[in-house]
Engineer: 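Sharing a structure below in structure tokens format, with a few things to ask.
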Amino acid sequence: MERIRRTMMFVPASNAGMLREANLYGADSIMFDLEDSISLREKDSARFLVYQAVKTIDYENTEIIVRINALDAGGRDDIEAMVRAGIDAVRLPKTETAQDVADAEEVIAEVEEKCGRKLGSTKIFAAIEGPLGVLNAYSIATASERIIGIAIGAEDYVTSMKTRRYPEKNSEELFFARSMIVHAARAAGIAAIDTVFSDVNDMDTLRKETEFIKQLGFDGKSVINPRQIPVINKVFTPQKKEIENAEDVMSAIKEAEANGSGVIALNGKMIDKPIVERAQRTLQLAKAAGMLQEGEQ
């Protein structure tokens with residue numbers, strides 16, 4: 001079943017307290033950051049902290065992702081430690097081409113073989129943070145069977161585009177990049193995660209931006225502060241009427257199967273594959289939000 005990724009929380013890898021408490025805030029995915037948030041002198045100690053945290057702390061069902069450094073700037077050591085620790089996925093920073101993914105995959109595979117971890121078990125999340133990466137989004141998304149998602153990193157992107165963020169103007173400067181990334185992800189059958197919203201005190205604009213990226217088709221959004229998680233999760237939580245309609249769709253399918261009917265209808269309307277897929281995702285989101293128990297529908 002598809003994993004729900006409404007929220008992916010950045011956690012600086014050098015903060016031992018946040019490493020310990022990271023799964024208490026309700027994020028679907030935790031991304032320990034070894035890259036931009038860590039100073040050069042702290043890189044080695046931060047890597048060790050994350051390794052120890054993943055090995056000793058029970059994060060339950062929360063997805064654990066680690067943003068590594070570039071391969072030529074400590075990323076190989078990051079991969080060595082994180083694969084041995086047993087994380088779910090490596091997040092590649094500033095991915096520009098399919099070759100970037102291939103290079104990282106080669107290192108990951110080598111470490112998996114050395115430490116006896118199942119080949120292919122360490123997945124890849126690629127962050128696209130520049131115009132070249134945006135234009136290559138589909139080739140990046142399909143560069144490896146390990147790829148489970150792509151994400152947009154807005155700050156580097158807008159800087160490369162010689163502009164800045166304009167949240168007060170609906171972030172129109174990001175529309176093309178967001179569209180490319182979500183289309184590439186959907187074509188490749190993987191997840192699409194939106195960029196962070198940096199003003200942790202402006203919850204109203206955060207909500208509006210989340211509603212917009214949900215409308216575009218994103219699976220979720222990156223967060224930099226635990227207070228942002230409930231706002232984003234709520235946007236991605238289905239309304240009661242949506243849940244009831246999804247349950248009706250699934251009941252209609254079961255009834256048609258029981259009757260041996262190849263035609264499925266609900267309230268006089270035909271139910272086709274897209275409607276079924278939307279209903280299934282609605283129920284997944286409802287379960288993630290605790291509105292349905294496992295086993296219901």
Engineer: Which pair of non-hydrogen atoms, one from V54 and one from A85, has the smallest distance, and what is that distance?
Structural biologist: CG1-O, 3.6 Å
Engineer: Check E80 with K114, please: is the shortest side-chain N to carboxylate O separation under 4.0 Å?
Structural biologist: yes
Engineer: Does a salt bridge link R91 with E35, judged by any charged N lying under 4.0 Å from a carboxylate O?
Structural biologist: no
Engineer: Answer yes or no: is there a side-chain heavy-atom contact under 4.5 Å between R165 and S171?
Structural biologist: yes
Engineer: Side chains of E42 and S39: do they bring a donor and an acceptor to under 3.5 Å?
Structural biologist: yes
Engineer: As an exercise, state the distance from CD1 of I181 to CZ of R186, rounded to the nearest 0.5 Å.
Structural biologist: 12.0 Å
Engineer: What's the spacing between N15 CG and E21 CD if we round to 0.5 Å?
Structural biologist: 9.0 Å
Engineer: Is it true that the side chains of N69 and R76 contain a donor and an acceptor less than 3.5 Å apart?
Structural biologist: no
Engineer: Would you say I213 and I150 are hydrophobically clustered, going by side-chain heavy atoms of ILVMFWY under 4.5 Å?
Structural biologist: yes
Engineer: Ignoring hydrogens, what is the shortest heavy-atom contact between Y138 and A187? Give both atom names and the distance.
Structural biologist: CE1-CB, 3.6 Å
Engineer: Taking 4.0 angstrom as the limit, do D33 and R67 come out as a salt bridge?
Structural biologist: yes
Engineer: Side-chain heavy atoms nearer than 4.5 Å, only ILVMFWY residues, links allowed to pass through others: does that put M9 and V235 together?
Structural biologist: no
Engineer: In Å and rounded to the nearest 0.5 Å, what is the NZ to CD1 distance from K43 to I68?
Structural biologist: 11.0 Å
Engineer: What are the two closest non-hydrogen atoms of A13 and I38, and how far apart are they?
Structural biologist: N-CD1, 3.6 Å
Engineer: Judged by atom type as modelled, is there a donor-acceptor pair below 3.5 Å linking the side chain of R47 to the main-chain atoms of A81?
Structural biologist: no
Engineer: Taking all atoms of both residues into account, what is the closest heavy-atom pair of I193 and R5, and its distance?
Structural biologist: CD1-O, 3.6 Å
Engineer: To the closest 0.5 Å, what do you measure between CD1 (I64) and CG (D88)?
Structural biologist: 6.5 Å
Engineer: Does CE in M203 sit with more than 12 non-hydrogen atoms of other residues, nucleotides or ligands closer than 6.0 Å?
Structural biologist: yes
Engineer: Is there a donor in the side chain of D156 and an acceptor in the side chain of T159, or the other way round, less than 3.5 Å apart?
Structural biologist: no
Engineer: Tell me whether R164 is salt-bridged to E155, with the criterion being a basic N under 4.0 Å from an acidic carboxylate O.
Structural biologist: no
Engineer: For D100, which residues count as a salt bridge (charged side-chain N to carboxylate O under 4.0 Å, His left out) partner, sequence neighbours excluded?
Structural biologist: none
Engineer: Taking atom CD of E145 as the centre, does the number of heavy atoms from other residues, nucleotides or ligands within less than 6.0 Å exceed 12?
Structural biologist: no
Engineer: Could you tell me if the side chain of R20 sits less than 4.5 Å from the side chain of T56, heavy atoms only?
Structural biologist: no
Engineer: First locate atom OG1 of T205, then atom CG of N170, and finally report the distance between them rounded to the nearest 0.5 Å.
Structural biologist: 9.5 Å
Engineer: Tell me the closest heavy-atom pair linking I148 and F125, and the distance in Å.
Structural biologist: CG1-CD1, 3.7 Å
Engineer: For the residue pair A141 and A184, what are the closest heavy atoms and their distance?
Structural biologist: CB-O, 4.0 Å
Engineer: Can you tell if the side chain of I30 reaches within under 4.5 Å of the side chain of I65, non-hydrogen atoms only?
Structural biologist: no
Engineer: Run the salt-bridge test on R6 and D219 with the 4.0 Å N-O cut-off and return the result as yes or no.
Structural biologist: no
Engineer: Consider only side-chain heavy atoms of I, L, V, M, F, W and Y, link residues closer than 4.5 Å, and tell whether Y157 and I224 are in one cluster.
Structural biologist: no
Engineer: Give a yes or no on whether the backbone of V196 and the side-chain of S222 come within a donor-acceptor separation of less than 3.5 Å.
Structural biologist: no
Engineer: Look up atom CG in L71 and atom CD1 in I79, then write down how far apart they are to the nearest 0.5 Å.
Structural biologist: 5.0 Å
Engineer: Under 4.5 Å between any side-chain heavy atoms of V101 and I124, yes or no?
Structural biologist: yes
Engineer: Could you tell me whether the side chain of E173 reaches within less than 4.5 Å of the side chain of Y166, counting heavy atoms only?
Structural biologist: yes
Engineer: Name all pairs fulfilling the ring pair (Phe, Tyr, Trp, His ring centres under 6.0 Å) condition that reach into residues 47-69, sequence neighbours left out, sorted by first residue then second.
Structural biologist: F32-Y59
Engineer: If you apply the rule side chain to side chain contact (heavy atoms under 4.5 Å, CB included), what do you find for D199 with F197, and how did you get there?
Structural biologist: CA-CA 6 Å; D199 189 344; F197 183 78; 3.8 Å; yes
Engineer: Compare all side-chain heavy atoms of S29 with those of T7 and state whether any distance is below 4.5 angstrom.
Structural biologist: no
Engineer: Given 3.5 Å as the limit, does a donor-acceptor pair link the side chain of T95 with the main chain of A126, or not?
Structural biologist: no
Engineer: Are V134 and F175 linked, directly or through intermediate hydrophobic residues, by side-chain heavy-atom contacts shorter than 4.5 Å (ILVMFWY only)?
Structural biologist: yes
Engineer: Would you say that D194 contacts T210 through its side chain, given a criterion of any heavy-atom pair below 4.5 Å between the two side chains?
Structural biologist: no
Engineer: Short question: side chain of K241, backbone of P238 - any donor-acceptor pair under 3.5 Å?
Structural biologist: no
Engineer: Contact between M8 and K221 at the side-chain level, heavy atoms closer than 4.5 Å - yes or no?
Structural biologist: no
Engineer: Would you say V83 and L49 are hydrophobically clustered, going by side-chain heavy atoms of ILVMFWY under 4.5 Å?
Structural biologist: yes
Engineer: Applying side chain to side chain contact (heavy atoms under 4.5 Å, CB included) to F212 and F218, what does each step give before you reach the verdict?
Structural biologist: CA-CA 9 Å; F212 177 66; F218 279 86; over 6 Å; no
Engineer: Pick out which of K214, K208, R207 makes a side chain to side chain donor-acceptor pair (under 3.5 Å) with E211.
Structural biologist: R207
Engineer: Between V50 and L19, is a side chain to side chain contact (heavy atoms under 4.5 Å, CB included) present by the stated rule, with each step listed?
Structural biologist: CA-CA 7 Å; V50 175; L19 291 177; 4.2 Å; yes
Engineer: Does CG in N61 sit with more than 12 non-hydrogen atoms of other residues, nucleotides or ligands closer than 6.0 Å?
Structural biologist: no
Engineer: With side chain to side chain contact (heavy atoms under 4.5 Å, CB included) as the criterion, how do D36 and K94 come out once you've worked through the C-alpha distance, each side chain's angles and the decisive distance to 0.1 Å?
Structural biologist: CA-CA 11 Å; D36 282 351; K94 301 174 178 63; 3.5 Å; yes
Engineer: Are the charged groups of K118 and E112 less than 4.0 angstrom apart, N to O?
Structural biologist: no
Engineer: Could you verify whether a donor N or O on one side chain and an acceptor N or O on the other, from R146 and T122, lie under 3.5 Å apart?
Structural biologist: no
Engineer: Would you say E105 and S144 are linked by a side-chain donor-acceptor pair, where the criterion is simply a distance under 3.5 Å?
Structural biologist: yes
Engineer: Do the side chains of E110 and R117 get close enough for a salt bridge, i.e. N-O under 4.0 angstrom?
Structural biologist: no
